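The model shown is predicted, which means the values in this text are computed figures rather than measured ones.
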Amino acid sequence: QVQVVESGGGLVQPGGSLRLSCAASGSIFSIYAMRWYRQALGKQRELVAGITSGGTTNYADSVKGRFTISRDNAKNTVYLQMNSLKPEDTARYYCNVDLQSARGTIPYDYWGQGTQVTVSS
């Protein structure tokens with residue numbers, strides 16, 4: 001069994017900051033890519049940022065220069081530091097983890113339940 005749990009969402013004013021965390025636990029042999037997605041009401045889920053096991057990162061154009069993704073491999077945790085938040089960043093943010101649950105198994109994508117981020121004055 002693998003669990004993926006996000007935390008850190010909330011209500012913040014425009015221009016403010018939030019830090020999201022996502023921890024994977026349970027039967028884990030190796031973690032590969034870790035990603036953050038978001039889905040706003042009435043819109044499709046979109047990739048926000050990703051980070052490989054080696055630390056290579058990628059970002060959506062809309063968040064470049066404002067958001068920073070990082071990971072702590074010892075804690076099986078990925079973070080998303082969000083600065084200069086805008087109302088259009090309002091969405092439910094989901095963590096996606098690509099991992100092997102045991103040696104020799106096929107890597108599989110696991111999702112968390114999401115955490116709500118609302119940017120409003």
Quick one: closest heavy-atom pair of [X] and [Y], and the distance?
| X | Y | result |
| --- | --- | --- |
| Cys95 | Val78 | SG-CG1, 3.7 Å |
| Pro14 | Ser121 | CD-N, 3.7 Å |
| Tyr32 | Pro107 | CE1-CG, 3.8 Å |
| Ala23 | Thr77 | CB-OG1, 3.7 Å |
| Arg66 | Ser84 | NH1-O, 3.0 Å |
| Leu18 | Gly8 | CD2-O, 3.8 Å |

Any side-chain to backbone donor/acceptor pair from Arg71 onto Ala33? Under 3.5 Å, distance only.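 Checking the backbone N and O of Ala33 against the side chain of Arg71, no donor-acceptor pair under 3.5 Å is found.
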Any link between [X] and [Y] through a network of hydrophobic side chains (Ile, Leu, Val, Met, Phe, Trp, Tyr) touching at under 4.5 Å?
| X | Y | answer |
| --- | --- | --- |
| Tyr93 | Val4 | yes |
| Tyr94 | Tyr79 | no |
| Tyr108 | Val2 | yes |
| Phe67 | Val117 | yes |

With rounding to the nearest 0.5 Å, note down the distance linking [atom1] in [X] to [atom2] in [Y].
| X | Y | atom1 | atom2 | answer |
| --- | --- | --- | --- | --- |
| Thr57 | Arg35 | OG1 | CZ | 13.0 Å |
| Ile31 | Tyr110 | CD1 | OH | 11.0 Å |
| Glu46 | Gln39 | CD | CD | 9.5 Å |
| Cys22 | Glu6 | SG | CD | 5.0 Å |
| Ile51 | Met34 | CD1 | CE | 9.0 Å |
| Ile28 | Asn76 | CD1 | CG | 4.5 Å |

Run Ser21 and Lys75 through side chain to side chain contact (heavy atoms under 4.5 Å, CB included) and show every step you take. CA-CA 11 Å; Ser21 300; Lys75 295 181 179 179; over 6 Å; no
Would you say Gln116 and Thr90 make side-chain contact, with heavy atoms under 4.5 Å? yes
Non-hydrogen side-chain atoms of Gln1 and Ser27 separated by less than 4.5 Å: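 Gln1 does not reach Ser27 side chain to side chain.
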Above 12 or not: heavy atoms from other molecules or residues under 6.0 Å from CD of Gln113? no
Which residue, Asn58, Leu80, Val48, forms the side chain to side chain contact (heavy atoms under 4.5 Å, CB included) with Ile69? Leu80
Would Trp111 and Tyr37 count as a close aromatic pair, with their ring centres under 6.0 Å? yes
Determine whether Ser120 and Leu11 satisfy the following criterion, side chain to side chain contact (heavy atoms under 4.5 Å, CB included), listing intermediate values before the conclusion. CA-CA 7 Å; Ser120 176; Leu11 174 64; 4.2 Å; yes
If you apply the rule side chain to side chain contact (heavy atoms under 4.5 Å, CB included), what do you find for Val63 with Arg38, and how did you get there? CA-CA 12 Å; Val63 306; Arg38 68 185 180 187; 4.0 Å; yes
Give the C-alpha distance, both sets of side-chain angles, the deciding distance and a yes or no for side chain to side chain contact (heavy atoms under 4.5 Å, CB included) between Glu88 and Val119. CA-CA 8 Å; Glu88 51 263 43; Val119 185; over 6 Å; no
Regarding Asp89 and Lys86, does a basic nitrogen lie under 4.0 Å from an acidic carboxylate oxygen? no
